[in-house]
> 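Would you mind keeping the following structure in view while I ask a few things?
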There are 2 protein chains.
Amino acid sequence: MNKNNRREDIVLTAAKLFRKKGYNAVSMRDLAAEMGIKAASLYNHISSKQEILASIVLSVAKDFVGHIDTVVPQPIASIEKLTSIIHHHIELTAEQTDFLACMNNDWIHLDEENKTLYLSLRKEYEAKFREILRVGMAKNELKNIHIEISVFGILTTLRTLYVWYAKKDVVSLKTLKTDLPRLLLDGLID
Amino acid sequence: MNKNNRREDIVLTAAKLFRKKGYNAVSMRDLAAEMGIKAASLYNHISSKQEILASIVLSVAKDFVGHIDTVVPQPIASIEKLTSIIHHHIELTAEQTDFLACMNNDWIHLDEENKTLYLSLRKEYEAKFREILRVGMAKNELKNIHIEISVFGILTTLRTLYVWYAKKDVVSLKTLKTDLPRLLLDGLID
DNA sequence: TTACAAAACTAACACTTGTTAGTCTAATTT
DNA sequence: AAATTAGACTAACAAGTGTTAGTTTTGTAA
């Protein structure tokens with residue numbers, strides 16, 4: 001039980017460092033020093049550096065897919081589905097800033113197997129997002145903007161929210177939740 | 001003269017590799033191999049790995065500031081200024097995809113001095129972009145959306161265009177140039 | 001108090017890193 | 001033809017990498 005907490009601590013600390021310096025620029029000795037122990041001691045809790053990265057990246061990726069899966073079947077208008085997704089991005093960004101940053105910047109450093117898994121989760125998410133847009137346009141709830149451009153425009157903004165969130169003094173979470181959907185979706189509404 | 005071309009070749013190749021694997025994951029031996037020579041030979045043309053990175057990142061950053069400087073003083077409406085900026089992002093993305101990707105992903109690995117320089121260029125660009133929005137809103141050419149959110153929303157989309165451009169089979173450059181400004185700016189127009 | 005397990009430690013491994021020194025070869029200039 | 005130079009090469013460096021083996025310390029349960 002305590003072991004789990006210690007492991008969690010390590011992963012959290014790793015995410016913080018990975019975010020600041022990038023996966024490859026953080027050595028196991030750096031990570032250990034930040035934890036106040038020696039590098040070798042880390043291996044009592046984790047099995048490899050790669051495992052830490054995978055654990056960070058995949059947990060966030062799975063969370064996103066999990067959320068969109070709850071949104072898709074709901075009997076609500078497309079705009080509301082999109083708003084719910086945007087809100088979820090904002091919330092996750094606030095709660096797990098380092099994890100999100102790490103996912104976006106360091107997924108390339110996953111080993112072949114984990115990278116494949118990550119990319120398939122990402123593809124799945126994009127497909128479901130695209131489908132919400134497609135249905136919304138078909139039902140004339142949304143304007144007929146080029147769909148790939150819409151998907152791209154909205155998702156990349158959401159993906160990089162964490163950059164923004166770092167300067168949270170500039171905009172409150174509440175303002176973000178009301179104004180960001182407007183900025184992103186107004187182009188899609190008549 | 002030939003030396004310049006060779007150097008340019010190295011920097012171009014480096015950008016390609018940095019983009020694919022990240023600055024730290026590309027060794028001088030990797031880069032040399034891609035050029036068909038040995039690592040030590042690179043140093044006949046460049047002085048350090050860091051110099052290559054700086055040369056890539058700063059050239060793009062300066063190009064962006066250079067362009068916005070030509071746009072700002074023009075006697076045209078805010079929307080047209082913004083459209084011109086968006087077009088420039090699209091063009092640069094098409095012409096220098098690897099450089100752009102490299103700037104966005106690897107600027108953290110600049111040494112202290114170059115990082116400071118890069119960040120100040122970036123800050124300068126954002127300030128000028130923000131000012132265009134501010135004036136446009138003051139003149140009622142633009143809607144009064146939260147200005148920081150607008151700056152962020154538009155710039156991050158433009159910054160990550162290169163991700164998108166990689167799948168250029170999906171959308172033509174021409175479509176991008178007409179539809180992307182619409183998506184990004186319609187939320188700002190009545 | 002003793003016994004045991006968890007988690008720290010030291011020391012070392014095999015390997016990779018960016019970079020330099022010194023040398024040889026091929027092309028260009030004199 | 002001789003001299004110079006650009007640009008490749010080999011060999012090596014000091015430092016840093018992730019990880020393992022074996023040992024000692026610490027805290028908890030008997």
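Just so you know, these numbers use all the heavy atoms, side chains as well, and skip hydrogens, waters and symmetry mates. Chain naming here is simple, since letters A, B, ... match the order of the sequence lines and numbering starts at 1 in each.
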> Specify the closest pair of heavy atoms between A:R134 and A:E131, including all atoms of both residues, with the distance to one decimal.
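Of all heavy-atom pairs spanning A:R134 and A:E131, the closest is NH2-OE2, 2.8 Å.
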> What pairs with A:K174 under side chain to side chain contact (heavy atoms under 4.5 Å, CB included), at least two apart in sequence or on another chain?
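Only A:S172 meet the side chain to side chain contact (heavy atoms under 4.5 Å, CB included) criterion with A:K174.
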> Among A:Y118, A:F99, A:Y125, which residue meets the ring pair (Phe, Tyr, Trp, His ring centres under 6.0 Å) test with A:F64?
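Filter result, single survivor: A:Y125.
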> Applying side chain to side chain contact (heavy atoms under 4.5 Å, CB included), name anything that partners A:A33, two or more places apart in sequence or on another chain.
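Residues passing side chain to side chain contact (heavy atoms under 4.5 Å, CB included) with A:A33: none at all.
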> Calculate the interatomic distance between A:L17 atom CG and D:dT17 atom P; express it in whole Å.
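Spelled out: CG on A:L17 to P on D:dT17 is 13 Å.
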> Any sub-3.5 Å donor-acceptor pair from B:D30's side-chain atoms to B:S27's backbone N or O?
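Yes.
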> Return the set of residues passing side-chain hydrogen bond (donor to acceptor under 3.5 Å, both in side chains) with A:T93 (not counting sequence neighbours), or none when no residue passes.
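None.
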> Between the side chains of B:T160 and A:R159, does any donor sit under 3.5 Å from an acceptor?
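The criterion, which ignores hydrogens and geometry beyond distance, is not satisfied for A:R159 and B:T160.
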> Would you kindly give the CG-to-P distance between A:D9 and C:dA7, to the nearest whole Å?
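Atom-to-atom, A:D9 to C:dA7, this comes out as 12 Å.
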> Any ring pair (Phe, Tyr, Trp, His ring centres under 6.0 Å) pairs touching residues 65-84 of chain B, not counting sequence neighbours?
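As it turns out, the ring pair (Phe, Tyr, Trp, His ring centres under 6.0 Å) pairs with a partner in residues 65-84 of chain B, which skip direct neighbours, are B:H67-B:H88.
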> To the nearest Å, give me how far apart CG (A:N5) and P (D:dG27) are.
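A:N5 atom CG is separated from D:dG27 atom P by 17 Å.
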> Could you tell me how far apart B:M35 (CE) and D:dA8 (C1') are, to the nearest whole angstrom?
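B:M35 atom CE is separated from D:dA8 atom C1' by 12 Å.
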> Roughly, in whole Å, what's the span from NZ in B:K38 to P in D:dA6?
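Rounded to whole Å, this separation is 23 Å.
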> I need the CD1-C1' distance between A:I37 and C:dT10, as an integer number of Å.
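Checked: the CD1 to C1' distance equals 14 Å.
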> Examine D:dA6: is either OP1 or OP2 under 4.0 Å from a nitrogen or oxygen in the side chain of B:H45? Give yes or no.
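No, outside the criterion.
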> Take atom CD of B:Q50 and atom P of C:dT19, then tell me their distance rounded to the nearest Å.
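So the two atoms are 9 Å apart, to the nearest Å.
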> Who are the side chain to side chain contact (heavy atoms under 4.5 Å, CB included) partners of B:K38, not counting sequence neighbours?
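By the side chain to side chain contact (heavy atoms under 4.5 Å, CB included) rule, B:K38 matches B:S41.
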> Under 3.5 Å, which N/O atoms of the protein pair with N/O atoms of nucleotides 20-22 of chain D?
none

> Got a donor-acceptor contact below 3.5 angstrom from the B:N104 side chain to the B:L100 backbone?
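Judged by distance alone, yes, a pair lies under 3.5 Å.
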> Under the rule for ring pair (Phe, Tyr, Trp, His ring centres under 6.0 Å), what residues qualify as partners of B:F129, not counting sequence neighbours?
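Counting only residues at least two positions away or on another chain, B:F129 forms no ring pair (Phe, Tyr, Trp, His ring centres under 6.0 Å).
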> Calculate, to the nearest 0.5 Å, the distance between atoms CZ and CD1 belonging to A:R7 and A:I10 respectively.
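The distance works out to 8.5 Å.
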> I need the NE2-P distance between A:H109 and D:dG18, as an integer number of Å.
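My rounded result for the distance is 13 Å.
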> Who are the ring pair (Phe, Tyr, Trp, His ring centres under 6.0 Å) partners of A:F18, not counting sequence neighbours?
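Partners of A:F18 by the ring pair (Phe, Tyr, Trp, His ring centres under 6.0 Å) criterion, ordered by chain and then number, come out as A:Y23.
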> Would you say the side chain of B:N44 and the base of D:dA6 hold a donor-acceptor pair, judged only by whether the two atoms sit under 3.5 Å apart?
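Not at all, since no donor on one side and acceptor on the other fall under 3.5 Å apart.
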> Under a cut-off of 3.5 Å for both distances of each Watson-Crick or G-U pair, what dot-bracket string does DNA chain D give, using [ ] for crossing pairs and | for inter-strand pairs?
||||||||||||||||||||||||||||||
> Please check this pair: side chain of B:K49 against backbone of B:V26, looking for a donor-acceptor N/O pair closer than 3.5 Å.
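Checked: pair present.
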> One character per nucleotide, please: for nucleotides 12-17 of chain C, 5' to 3', B when the base has a protein heavy atom closer than 4.0 Å, S when only the sugar-phosphate does, - otherwise.
B----B
> Residues of residues 52-59 of chain B with any non-hydrogen atom less than 4.0 angstrom from an atom of DNA chain D: list those, numerically ordered, please.
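Contacting residues: none.
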> Shorter than 3.5 Å, N or O on both sides, protein versus nucleotides 24-26 of chain D: list them out with atom names.
none

> Test your reading of the model: is there a side-chain donor-acceptor pair from B:K115 to the backbone of B:W107, 3.5 Å cut-off?
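Checked: no pair found.
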> Side chain to side chain contact (heavy atoms under 4.5 Å, CB included) with B:I90: which of B:L180, B:L158, B:I85?
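That would be B:L180.
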> State whether B:S41 places a side-chain N or O below 4.0 Å from either non-bridging phosphate oxygen (OP1 or OP2) of D:dC9.
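True: B:S41 side-chain N/O within range (under 4.0 Å) of D:dC9 OP1/OP2.
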